[in-house]
Amino acid sequence: MLEARRRHRHLREKQRGAAATRRGPDPWPHAAAAHPRPHPATATEVARKVAVKALKLIAVVALSQLGYRLASWMALPVPGSVVAVGMLFSLLSNRIVPARWFDKAVALLIKHLPMLVILVAVGILTFGDLITARGLAIALTLSGSAIVGLAISLGARRFILGLRPQGPPAFLFSVRRA
């Protein structure tokens with residue numbers, strides 16, 4: 001009975017990811033030598049990593065500034081941030097630059113994405129005259145494209161999974177009778 005409890009505790013700790021409790025000498029002394037503790041990073045290594053991350057971030061900011069300048073120089077009716085994202089997409093999709101050049105900097109930006117959305121919204125609001133003149137058309141276009149995109153995604157999901165189309169959800173058309 002006592003042995004069964006020990007075995008059960010051992011399995012439970014193993015499932016939790018905790019090291020199993022052992023009594024007596026270590027049965028695998030060579031395991032500690034195979035995986036030594038990592039040594040602390042030197043100041044040079046830390047400075048190098050910080051410099052590389054800073055250069056990657058500077059590259060992303062430079063691409064953004066280039067997008068803004070290109071949009072204003074060509075008098076495009078879109079914000080420069082949209083042009084910059086398009087340029088980044090074309091650079092990555094044509095494999096002109098590898099994605100690993102931007103991965104750490106973009107991960108840092110994605111980490112702080114809610115704050116950056118405010119900057120994009122302010123950039124779009126600089127087109128106030130366009131929004132006041134054609135705001136309803138823009139809103140209808142965005143809503144319609146969102147609905148079409150969702151419908152295409154749903155259709156592709158059903159096609160890939162081999163699901164048959166079903167009718168609309170019952171809660172949309174159900175009538176309650178008192």
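Side chains included, hydrogens not; waters and symmetry mates left out as well; all remaining heavy atoms used.
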Notebook entry, point to check: So do the side chains of Tyr68 and Val83 get within less than 4.5 Å of each other, counting heavy atoms only?
Noted result: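 No, every pair of side-chain atoms sits at 4.5 Å or beyond.
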Check: Going by heavy atoms in the side chains, are Leu91 and Leu63 under 4.5 Å from each other?
Finding: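 Side chain of Leu91 against side chain of Leu63, heavy atoms only: contact under 4.5 Å found.
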Does [X] share a hydrophobic cluster with [Y], counting links as ILVMFWY side-chain heavy atoms below 4.5 Å and allowing steps through other members?
X: Val85; Y: Leu92; value: no
X: Val60; Y: Val97; value: yes
X: Val82; Y: Ile118; value: no
X: Leu154; Y: Val148; value: no
X: Leu66; Y: Val78; value: yes

Item checked: Considering all heavy atoms, the nearest Ala59-Phe102 contact ->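 The pair with the smallest heavy-atom distance is CB-CE2, 4.1 Å.
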Notebook entry, point to check: Gly80 and Ala71: which non-hydrogen atoms are nearest, and at how many Å?
Noted result: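 Reported closest heavy-atom pair: CA-CB, 3.8 Å.
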Working to the nearest 0.5 angstrom, can you tell me the gap between [X] [atom1] and [Y] [atom2]?
X: Ile147; Y: Ile152; atom1: CD1; atom2: CD1; result: 12.5 Å
X: Ser90; Y: Ile96; atom1: OG; atom2: CD1; result: 6.0 Å
X: Leu88; Y: Ser81; atom1: CG; atom2: OG; result: 12.5 Å
X: Thr132; Y: Phe127; atom1: OG1; atom2: CZ; result: 13.0 Å

Next item on the list: Examine distances only and state if a side-chain atom of Ser72 and a backbone atom of Arg69 form a donor-acceptor pair shorter than 3.5 Å.
Entry: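 Yes; at least one donor-acceptor contact below 3.5 Å.
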Note to self: Please check: side-chain N/O of Ser93 versus main-chain N/O of Phe89, any donor-acceptor pairing under 3.5 Å?
What the structure shows: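 Yes, the answer is positive, given that a donor and an acceptor are paired below the 3.5 Å cut-off.
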Next item on the list: Could you name each residue pair satisfying salt bridge (charged side-chain N to carboxylate O under 4.0 Å, His left out) that touches residues 47-59, not counting sequence neighbours?
Entry: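 Of all non-adjacent pairs touching residues 47-59, those that pass salt bridge (charged side-chain N to carboxylate O under 4.0 Å, His left out) are Lys56-Asp103.
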